[in-house]
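Please read the structure below before turning to the comments.
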Amino acid sequence: MTQTEISKTPPPSPKKNKILVDFLGSMNLAVTLLVMLSIASVIGTVLKQNETTQDYIIKFGPFWSDVFNSLGLFHVYGAAWFVLVLLFLLLSTSVCVTRNTPTFIKDIKQYSEKLSLTALQHQPNHTTFESNYSAEAELQHAQTLLSKNGYKVKTHHRDDGSVTVAGLKGRWNRLGYFFTHISIIVICLGALLDSNLLLKFRELSGNLIPETRTVSLDEVPQTAWMGPENLSFRGSVNVPEGQKTDVLFLPYEDGYLVQKLPFTVEVKDFRIEYYDTGMPKSFESDLILTAPELDKPIVQTIAVNHPLYYKNYAIYQSSFGDGGSILNLKVHPLLSPIENAIDLKTSVNKTEPLKTPVGRFNVEINDFRLFNMVPATEEEKAATGKKFHNNGPSMVFKVRNEQGKAWEYDSYMMPSLQEGRWFFMTGVRTMNSEPFRYLFIPADGNKQKDRFFKFLALVNNPVESAKILTQSFPKTDQVEEKTYELQIRLMQQLLSLFRSKGFDGITQFVNKNVPKEEREKVSDYYFSQTSFALQSLYLNTLQQEGKKVVQDQDISDFDKRWFEDALNALNSLPHFGPPMYFEMKSFKQIQATGLQITKSPGKDVVYFGSAMLIIGVFFLFYVRQKRIWVNIRSKQSDDSNEAKSTEITVAGRDKKPLPETETEFNALVEAIRQPVNKQTD
Amino acid sequence: MHTNSVTNEFNSSEKKHFDLRNIVWAIFVIASSLIGWNQYGALMDYYEDSILAGATIGLIWLGVTWRSFQPAAVAVALLSLLAIYTYQSHGNVISANEQAFFLKYLISSQSAIMWMNALFVLATVTYFFALYQKSEFTGKVATSMVWSAAVFGLVGMMVRWRESYIINVDYGHIPVSSLYEVFILFVVITALIYLYYEQKYKTRTLGGFVMLVVSAAVAFILWYTFDKQAHVIQPLVPALKSWWMKIHVPANFIGYGTFSIAAMVGLAYLITSKIAQKNPESGFVKRMPSLELMDDLMYKAISLGFAFFTIATVLGAMWAAEAWGGYWSWDPKETWALIVWLNYAAWLHIRMSKGWRGTPMAWWALIGLLVTTFAFLGVNMFLSGLHSYGTL
Ligand code: HEM
């Protein structure tokens, strides 16, 4: 009896701290901890972690964000109390294992073959029957039967002459317990190795202060640098094509640390491939890793899911960006009376000072995009079968004046088709919050902007335009010298008014200077005059192109549409910010690959633990520990000529009683009942 | 599984694993995977070769320990071959779907999946009908519906796998990558595991309850298809292009499936015990399996699920280490997997140590399903993270 009950009750220990141990090793604590961990994790997923303080204040208001923060709810998984729960689970499991070890070991070794008959009859399953085979035969039979079915058997001859065959099966189940639970400990230790405890310690001891500014490396103070002593980290770094790095940036609290690497990574090339949907298909970087201890550098291409492993470091493809693409720009002064665009060779992330007649400006080149995938229109889909189409290269830049006011531009290199006509699009805005307002410059016959800037210069040029106007509206004898000049002057003034303020400018002028009753008449007149003027300038432009156009009829439909589009463009120029147009002539794209580099000594420990866990779980579930006892005693009968009969008691105990236990036991009894000779053929 | 062999441990009738049928089965499986390998081996890397080998062994084992699986598997193989062959002969998918009768109405992945959906819903109703009119025959009909639904589902997946390559070799991938695809995986796996238990415990009365979950999933699939066009085959994002997906996802869904079964058995348990309290003589109680059996079934299902969920989570961690640079990033999906896992670990402990049985554990299993559902679906709907596949 006592021996079979061991599996649960812990060994009696007289120590005082037994209570504590019992508590730590108690299943209640275990379950409580498991549940606590789950709840903490839930919080961690519901509250977005590691965001900026501002975002939290916006979300929860100053008060609650403060409360949550002090509870560590914004960094749950790093919070002291969370780590504490983990440690308790670790402790509890260890205690539990150490406590159960002796008894479970016994349980594995023990056959309990010495159990008394009464003890057998107290087992969950037991039965007694008679057989008229000899005790020896039955013994033989029982032994073979049990061992044939995978039981380890141990036979015990009792003093009373009876024999007990004790069978034990599935002892690995206990091993399963050790595996699962020790694995938990192993995994926790591995995770601990990879945690940033060291950093936390150094921070507490004060010689670690994360850097929060974005400054160049040499300005980062030593207190934010990490050396080889940091035995586990996970950080990222952007490396432009053709450049190399031997440092890494570790995000830490609301700043970062700079990790010195014992090797140098050079990025030869970075590539993105796209599906025909315009969705990225693969990101690849060609790397060259050099280290003092390497006599030959490692050359390898990494991609998502295909990192480069070196020693206990791993280098991953994690993101990408612009690495300072070189851009050749043409800057068109929009107010100049002559075409005198200047060339500007610059690159992304550079800032170019510009001195112009209208003041000093800084041009900040922010980004370059080689592809701009936009959803295709229905007819495009029908034509090409592609869901997206590519608007070609674009650059994003800011123009900042001396007062610090900035205009942000999003400018496309290629013209794109709008309502069947080609336009060069440039978006402008003065606040990130607002969407870009686009300027559409109509492309001329050979898909360029030349005509537009010629025309613009002409409109800007009072002298030239005066000439042209006098040519196209020659003085007739009826009109007096004076009125004629006034006429021409008016046209010029209207032109400059239109140029500086657009058509609205003219309307406003009229509203300001003309008495109400005459306004309509006057503005009609002004507008007609303005368009006369513009038309004649346009005609001149066309003639300069060598087109034979004398009056309107000669103008092709294309050129007519172009004129209207050009007027729209001119009309919106006043709202385009500083009078400069940046045209992208050519570019050399230089991408930067975003590498993530990790050193995690705990990884293999964790994997080892995981393997143990899996094996252990299967042992626990699918190996059942079962015991069988067959007690055989020959029945003394006083009457000698009567055949000697044997009495057999079969008892069984399943560590984890299941519904099938009963049937299995009965099957066993049946098998033992079978006449021996049947068994032996 | 184990219990099968253990149950008839002592009957000389067992140990006939090597009879002719099983040998034929083994040969069939090996042959088909060899054919597959020689057809598509060029596209496979070393890991995928070993996955194929593992799958072959696994299938042989499954068929041997669960014979009824063999004919189903053969049916799946033949139908899929027929579909793939028809595509071959028609060339491009779109036209093939229109022209070929078989594809259009039966076994293009879309039609096959629609058949699956219909059959699952029908099966649910039929099971309850059988329970109501105590008809053995109706029950058999329901069972065969589930079988054929599972077959259609598997065919649908096989064909979809091929279709993804026909549409564009670049797109090609095993259909376990999008939320739509894994939902199909989920219903098929759940149904198969249920069928196994149904046979083992010789009762069809639980079918209706289990099929409730499956039908719910089917409802989702239909909504997702018609409202969101989710069935359209999309190329993979770079992070998902990995052989890990082929083992991580299925392992996960064995877990999800068994947990759902456990929960539904728990539901059946609760209802039965409630009625039993009112009047123990009620016909319903008599028809339902014994409470002990249901309790045990819950335990078996959850332990199977726990085992596979453990594997899945570990595989997930290993994949994460390769794709995201860390085996654990506390990404919402990861974290919820942990939550589910801890929850069932606690369930098992209580049952082990406190020896709790019946009602409380049934309730817990039901709640467990809520947790699991959130991990499976809620995370994609409400929480953003690195697991960006299939959002709603
Ligand atoms: C994350 C932590 C843990 C996991 C994943 C875990 C897992 C398991 C599993 C799967 C079983 C088998 C249950 C069954 O056979 O039905 C088990 C059993 C058990 N666990 Fe844990 N366990 C954990 C922590 C603990 C802790 C902290 C204790 C200490 C109180 C503990 C004590 C036990 C005991 C005593 C058994 C029964 C073993 C037997 O009799 O076969 N476990 N555990």
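Note that the structure is a prediction, hence the values are computed from the model and not measured.
Contacts of A:S282 with chain B are made by backbone atoms alone, with heavy-atom separations under 4.5 Å and no side-chain atom involved. Looking at B:D295, there are no atoms closer than 4.5 Å to chain A (heavy atoms on both sides), in backbone or side chain. Within the 4.5 angstrom heavy-atom criterion, no atom of B:W347 approaches chain A. The parts of B:I311 that come within reach of chain A are both its backbone and its side chain, each placing non-hydrogen atoms under 4.5 angstrom from that chain. Proximity to chain B involves both the backbone and the side chain of A:V42, based on heavy atoms less than 4.5 angstrom apart.
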Check the pair B:S178 / B:Q234 against side-chain hydrogen bond (donor to acceptor under 3.5 Å, both in side chains), numbers first and verdict last. CA-CA 9 Å; B:S178 72; B:Q234 298 286 355; over 6 Å; no
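Comment: A:K626 engages A:E664 in a salt bridge, judged by a side-chain N to carboxylate O separation of less than 4.0 angstrom. The residues A:K603 and A:D194 are annotated as not salt-bridged, no charged nitrogen and carboxylate oxygen being separated by less than 4.0 angstrom.
By number of non-hydrogen pairs under 4.5 angstrom with chain A, the leading residue of B:P235, B:S242, B:A346 is B:P235. Between chain B and the options A:V35, A:L37, A:V31, heavy-atom pairs under 4.5 Å are most frequent for A:V31. Comparing A:S41, A:S610, A:G602 by heavy-atom pairs within less than 4.5 Å of chain B, the highest count is held by A:S41. Highest contact tally toward chain B, considering only A:Q596, A:E670, A:E273, is held by A:Q596 [criterion: heavy-atom pairs under 4.5 Å]. Ranked by heavy-atom pairs shorter than 4.5 Å toward chain A, the options B:Y171, B:W243, B:W328, B:F374 are led by B:Y171. The greatest number of non-hydrogen atom pairs below 4.5 Å with chain A, out of B:N168, B:V340, B:L236, B:T313, is found for B:L236.
Note that A:R271 lies outside the cation-pi zone of A:F283, set by a 6.0 Å cut-off to the ring centre and a 45° limit from the axis.
Residue A:F179 is tested with A:L613, A:V617, A:I614, A:I615 for a side-chain contact (heavy atoms from CB on, under 4.5 Å); the sole match is A:I615. Considering B:F308, B:F309, B:F306 as possible partners of B:F259, the one that fulfils the ring-ring contact (aromatic ring centres under 6.0 Å, His included) test is B:F309.
Looking only at atom types and distance, the side chain of A:K656 has no donor-acceptor partner in the side chain of A:N173 under 3.5 Å away.
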